[in-house]
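Encoded as structure tokens, the structure appears first; notes follow it.
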Amino acid sequence: MDIHEYQAKEILAEYGVKIPEGDLAYSPEQAIQRTHEIGGDIWAVKAQIHSGARGKAGGIKLCRTHDEIETAAEHLLGRRLVTHQTGAAGKVCGRLYVEAGTDIEKELYFCFLVDRSSESIVMVGSAQGGMEIEELAETNPEAITKIYIDPAVGILDFQARTMAFALGLAATQISAAVKLIRGCYHAIRDLDANMLEINPLVVTKTGELLALDAKMGFDDNALFRQHMVAELRDKTQEDPREMAASDRGLSYVGLDGDIGCMINGAGLAMATMDMIKLAGGEPANFLDVGGGASPERTEKAFRLVLADKKVKAMLVNIFAGINRCDWIAEGVVHAVNKIDMKVPLIVRLSGTNVEEGRKIIVESGLPILTADTLAEAAELAVKVRNEQVAKETQGIV
């Protein structure tokens, strides 16, 4: 789960990280009011969306007058910002963060990430901040410092000092940097975050360290014990399909294709999507219904897949171990009877009680296509998808 910049900054401030003064605004009038409260003569108006690279997309405006504040707010509120992280669909800005201008001397990059390959938390920093870390990693990898932290031990002072010196800070700034670094580490540890990024972390003309931007992501599986974090969720920034699946306990990722998938098991789901692509099609989603695919759960999964108007065919691929094929078949028949299917449906069953499951499908009398193997199911899905597209093109459907 991601959160907004202003939310991440509020969290970091509680852990002793210094941030510029700022506040939230939902209208041009509120934005102007925030400048009166903040004071000063220059302000940054920042679009709050779940994405980096907002500046490149025109989502951050520096303003020196109230007229400029009003113009910037009117321009950004309700606007769909497109960055390389949002994809072509972009994200709509529904709120702004108005922040005091900062007299910047130097920009740095700082980040904590959960690194599963090393089973540790990796601290990443660079004296070259304010740019995409991926770009920097390609053009100048030696400018990036990585320090691996054992979660069982926690961050040690010498690790924090090593990073502070790697950031090119003066000796007089090391103590403040260590405090900031330790505060960030405690935030990611205490709140079950899997990513905390400050870019840029700036040194002001007076030598102060400020988090000028902040981004945090959290482990969805830990939200049950992080109620404060869960309350920060902004559903307007999420894919509505993925949001609906999450609320129903289903694992769903929306993709760009038009062959809908309902599968049990993440590995089988990945293999199924690969087979669809190998057969010349494109999957519309990743959907793992898990081990408890009751008729009600199966119906929810069907509705999620078919809510995507791009779907031209649907493939159900089940390998029954914990489940039983006859249970799955009953769920499929139940779902099809309750949902007005407008697209072809292919079902491939394998595993426990597979013959009973296939019998239920056949005896239902429903227009459900069946396949014995995954390769056959994928090829059939692509075939009927192409036929469906041809019918729509001719105006038959």
Side-chain angles (χ1 to χ4, degrees), residues 3 5-22 40 42 44 52 55 99-115 118-137 139-217:
I3 61 175
E5 171 199 359
Y6 77 92
Q7 294 168 326
K9 283 182 172 178
E10 289 173 355
I11 289 173
L12 292 181
E14 293 177 0
Y15 282 86
V17 177
K18 292 185 177 180
I19 62 173
E21 187 176 356
I42 184 170
E99 187 175 72
T102 302
D103 201 4
I104 301 171
E105 176 70 28
K106 187 178 182 181
E107 294 186 352
L108 314 171
Y109 177 89
F110 182 72
C111 178
F112 277 112
L113 290 169
V114 173
D115 182 43
S118 64
E119 298 182 358
S120 63
I121 295 175
V122 60
M123 177 168 53
V124 183
S126 174
Q128 299 181 33
M131 64 183 295
E132 299 301 322
I133 195 66
E134 296 86 0
E135 179 182 336
L136 182 62
T139 59
N140 191 15
E142 61 274 13
I144 299 174
T145 299
K146 295 182 180 180
I147 298 175
Y148 293 86
I149 301 164
D150 185 343
V153 177
I155 192 167
L156 302 175
D157 283 344
F158 85 90
Q159 293 174 314
R161 287 195 297 271
T162 300
M163 179 56 72
F165 282 113
L167 293 175
L169 297 173
T172 55
Q173 297 167 330
I174 299 302
S175 177
V178 168
K179 180 181 178 182
L180 179 146
I181 290 170
R182 291 185 67 86
C184 290
Y185 177 81
H186 292 152
I188 193 173
R189 179 200 64 187
D190 296 349
L191 301 176
D192 290 308
N194 50 32
M195 183 275 293
L196 189 163
E197 181 185 63
I198 303 176
N199 186 29
L201 170 66
V202 302
V203 180
T204 68
K205 292 291 180 62
T206 59
E208 190 175 29
L209 286 170
L210 289 180
L212 201 60
D213 194 3
K215 186 177 180 181
M216 292 185 75

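Numbers for residues simply follow the sequence, beginning at 1.
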Interatomic spacing from CE in Met123 to CD1 in Ile181 - rounded to 0.5 Å
5.5 Å

For the pair Ser126 (side chain) and Gln128 (backbone), establish whether a donor and an acceptor sit closer than 3.5 Å, ignoring hydrogens and angles.
yes

Give me the atom names and distance for the closest heavy-atom approach of Ile188 to Asn194.
CD1-C, 4.2 Å

Quick check: closest heavy atoms across Ile198 and Cys184, and the distance to 0.1 Å?
CD1-SG, 3.8 Å

Does the side chain of Leu167 reach to within under 4.5 Å of the side chain of Val203, using non-hydrogen atoms?
no

Quick check: do Asn199 and Asp213 have side-chain heavy atoms less than 4.5 Å from each other?
no

When every non-hydrogen atom of Pro151 is compared with those of Ser120, the smallest separation belongs to CD-CA, 3.9 Å

Rounded distance [0.5 Å steps], CD1 in Ile149 versus CE in Met163:
8.0 Å

Do Tyr109 and Glu197 get their side chains close enough for a donor-acceptor pair, meaning under 3.5 Å?
yes

Write out all pairs satisfying side chain to side chain donor-acceptor pair (under 3.5 Å) with one or both partners inside residues 8-22, taking only residues at least two apart or from two chains.
Glu5-Lys9, Lys9-Glu99, Tyr15-Asp190, Lys18-Glu208

Just do the side chain to side chain contact (heavy atoms under 4.5 Å, CB included) check on Ile11 and Leu196 with the steps written out, would you?
CA-CA 11 Å; Ile11 289 173; Leu196 189 163; over 6 Å; no

Applying salt bridge (Lys or Arg N to Asp or Glu O under 4.0 Å), which residue pairs with at least one partner in residues 145-155 are found, sequence neighbours left out?
none

Taking side chain to side chain donor-acceptor pair (under 3.5 Å) as the cut-off, I'd like each qualifying pair that reaches into residues 167-184, sequence neighbours left out, listed once.
Asp157-Arg182

